Amino acid sequence: MSGAIPLKQPLSRGETGPAHEQASELAAMARIAALMLIAAGFLGIVVTLVPHSAGINDAAYALLAALGLTGAATVWLLRARLPAVAYHGVSAFGIALITASIYYSGNTSGGAAENELLFLWPILYAGYFFSRRGMAFQLGIVGVAYGWALFAVDAGDEGIARWVGAMGTLIGAAVLIRYLKERYDKNLSLHEATIESTTDGILVVDAAGRWESFNHNFLDMWRLPPEIVTSRDDDAALEFVLGQLADPTAFISKVRELYDTPDAESFDELQFKDGRVFERYSQPQRIEDRTVGRVWCFRDVTEHKRAQERLQHLADHDSLTDLLNRRRFAEELKREASRSDRYGRGGALLLLDLDSLKVINDTHGHHWGDEALCSAGRLLQSRLRSSDILARIGGDEFAILLAEADELRARKLAEEVLELFRRHSIQTDRGRTEISTSIGVVALESLRDSGLDPLVAADSALYRAKREGRDQFAVYDPTRDAAGGTSA
């Protein structure tokens, strides 16, 4: 509105937009104004009830009390629906009530100024909520109104001194409250700018878990709809959040645990149904060593986790066949061998070597040799159980670890794998080419007393299978494979 006396610009406190921020600011102004008018109304009632000077007009004070309470009720009911400039009128109305109180408190110079301290209420209110120009405007109203009251009661020279003293005090109080408020606003603005600039989602709650403030990243990360944010409905927000989580029970348990121990800090990870991963950090909010709330910080680490998983996958898998590599397979084999020794659960190892890879490479080229390796890997995967572990451990060698399997199970699988390869071929640029394999088999239990490396034992059996004609399997026999050998 052109020419209107400005209010201070409302500060953002994490709300959903300018309209909501303005409504929140006006609601705060309404609450304080209503409280001041209620206090004025009750003060007027008290003055008429307690013993007082005969010069005080009881009817006038009763009227002032009624006006104060009526004004308070009006402001409270209208709240944020009042336009911003209307609160200048509310403040001026309070000044008018105080001025009338001064006038009706008596007609002597001593009695005329006895209520002047009450002017501090509207001036402190103006200093906190209004702009500098708006505050100066209210001070001007006080100066004129108080001067009129002193003149009306014929306060004389003493009235001038009282006016100067009262206005000096009011101006000093207004400047001080304005300085403190601007300093607070500056610190708050810096705090909010810092929170909004971070990529983390921040939520601050009070001791009862009610939302105090938050940044926009918090809303974006949790995808909260505007109606929940505007209403600050904790139950609706919690229900919406839990619907996104893979383990909502753990989420609720951690929240309850922290509210039961207000001084505790916490760090954990949240898994979402859509694959997102958040780090959640929480610490208490303290004022003078007293816990008054809690700060929740959420960091989206989804891409970081995926990058870690990709790097770990590359470290653990063969780049050509995407099967486990030798290093990772050796770790799995070591664990299975340790379990077998400790609990006697068996376990078996099959070591395979493609018989014809060199021929394919020499005849068709390494491209088709690589295709033969990938085809062999897919063929083996199609036959194994989810609990079996398959790896390419180098060149044309594959290894299969059978958890908790005995030698009979390993023999049966070896026969089935040989049959699969006998029926399998790959299409090359020069027609179809068959692939065969030789297999060395070893039961982990058979090595328990010897301490021999299972891969060494399986390689010895594989060497014998190749030496005896290929396209077959051999089970490790310490009497026949003691010298060991290298598959070729």
Side-chain angles (χ1 to χ4, degrees), residues 11-18 20-21 24 187-287 291-317 328:
L11 290 174
S12 169
R13 298 186 65 83
E15 290 83 359
T16 55
H20 191 84
E21 294 168 3
S24 178
N187 291 336
L188 181 61
S189 177
L190 177 62
H191 166 75
E192 290 179 343
T194 302
I195 289 180
E196 286 296 340
S197 66
T198 180
T199 57
D200 296 344
I202 306 295
L203 171 65
V204 181
V205 298
D206 63 16
R210 293 183 294 265
W211 293 13
E212 288 278 331
S213 63
F214 47 84
N215 65 0
H216 285 84
N217 280 334
F218 169 76
L219 304 181
D220 294 340
M221 291 172 67
W222 286 97
R223 302 170 181 174
L224 291 167
E227 58 270 18
I228 290 180
V229 178
T230 302
S231 67
R232 302 285 183 99
D233 187 334
D234 292 336
D235 292 336
L238 186 59
E239 182 179 354
F240 185 85
V241 165
L242 293 179
Q244 303 179 60
L245 295 171
D247 189 357
T249 302
F251 178 89
I252 287 292
S253 297
K254 176 59 69 174
V255 171
R256 289 174 177 168
E257 175 189 333
L258 290 176
Y259 285 130
D260 288 341
T261 52
D263 294 328
E265 297 186 5
S266 172
F267 176 81
D268 61 351
E269 284 189 354
L270 303 176
Q271 300 285 338
F272 285 71
K273 293 177 180 178
D274 61 6
R276 289 179 296 153
V277 182
F278 286 1
E279 289 181 344
R280 174 175 61 172
Y281 177 66
S282 179
Q283 67 176 17
Q285 179 190 7
R286 296 187 179 93
I287 297 178
T291 299
V292 298
R294 180 164 292 277
V295 179
W296 296 93
C297 177
F298 302 93
R299 177 168 298 175
D300 190 339
V301 294
T302 306
E303 289 305 318
H304 177 68
K305 290 291 183 181
R306 288 174 179 168
Q308 283 186 324
E309 290 171 359
R310 287 193 293 268
L311 289 174
Q312 190 62 53
H313 185 88
L314 291 174
D316 292 341
H317 289 74
R328 177 59 188 280

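Given the structure is predicted, the values throughout are model-derived calculations rather than measurements. The figures that follow rest on heavy atoms only: side chains count, while hydrogens, waters and symmetry mates do not.
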Spacing of [X] atom [atom1] and [Y] atom [atom2] [to the nearest 0.5 Å]:
X    : Y    : atom1 : atom2 : value
D300 : K305 : CG    : NZ    : 12.0 Å
R294 : D206 : CZ    : CG    : 12.0 Å
L314 : E309 : CG    : CD    : 12.0 Å
E257 : S266 : CD    : OG    : 6.5 Å
R256 : L258 : CZ    : CG    : 12.5 Å
L219 : I228 : CG    : CD1   : 11.0 Å

Taking the side chain as every heavy atom from C-beta outward, state whether V301 and Q308 have any pair of such atoms under 4.5 Å apart.
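Not touching, per the 4.5 Å side-chain cut-off.
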
Within a strict 4.5 Å, meaning less than it, do heavy atoms of the L224 and F218 side chains meet?
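Side chain of L224 against side chain of F218, heavy atoms only: contact under 4.5 Å found.
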
Mind listing the closest non-hydrogen atom pair of [X] and [Y] along with its distance?
X    : Y    : answer
T199 : M221 : O-SD, 4.2 Å
P262 : P284 : O-CB, 3.2 Å
T302 : V277 : OG1-N, 2.9 Å
I202 : T198 : CG1-CG2, 4.3 Å
F214 : E196 : O-OE2, 4.2 Å
K273 : L245 : CE-O, 3.2 Å

Start with the C-alpha distance between R280 and V255, add both sets of side-chain angles, then the distance that settles side chain to side chain contact (heavy atoms under 4.5 Å, CB included), and finish with yes or no.
CA-CA 11 Å; R280 174 175 61 172; V255 171; 3.9 Å; yes

Indicate yes or no for a side-chain donor-acceptor contact from [X] to the backbone of [Y] under 3.5 Å, with no hydrogens or angles considered.
X    : Y    : value
D200 : C297 : no
D316 : R328 : no
D263 : T291 : no

Ring centre gap for W222 and F278 strictly below 6.0 Å
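They qualify: ring centres under 6.0 Å apart.
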
If we ignore angles and hydrogens, is there a donor and acceptor under 3.5 Å between the side chains of Q283 and Y281?
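Distance-only check passes for Q283 and Y281.
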
State which residue, out of Q285, E212, R286, fulfils the side-chain contact (heavy atoms from CB on, under 4.5 Å) condition with V292.
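One option only clears the test, and that one is Q285.
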
Decide if atom CD of E239 counts as having more than 12 heavy atoms of other residues, nucleotides or ligands within a radius under 6.0 Å.
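It does not: E239 CD has 12 such atoms or fewer within range.
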
Crowded around R299 CZ? As in, over 12 foreign heavy atoms under 6.0 Å?
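No.
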
Students often mix this up, so state it plainly: with edges at 30° and 60°, are the rings of Y259 and W296 parallel, tilted or perpendicular?
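Ring orientation of Y259 relative to W296: perpendicular.
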
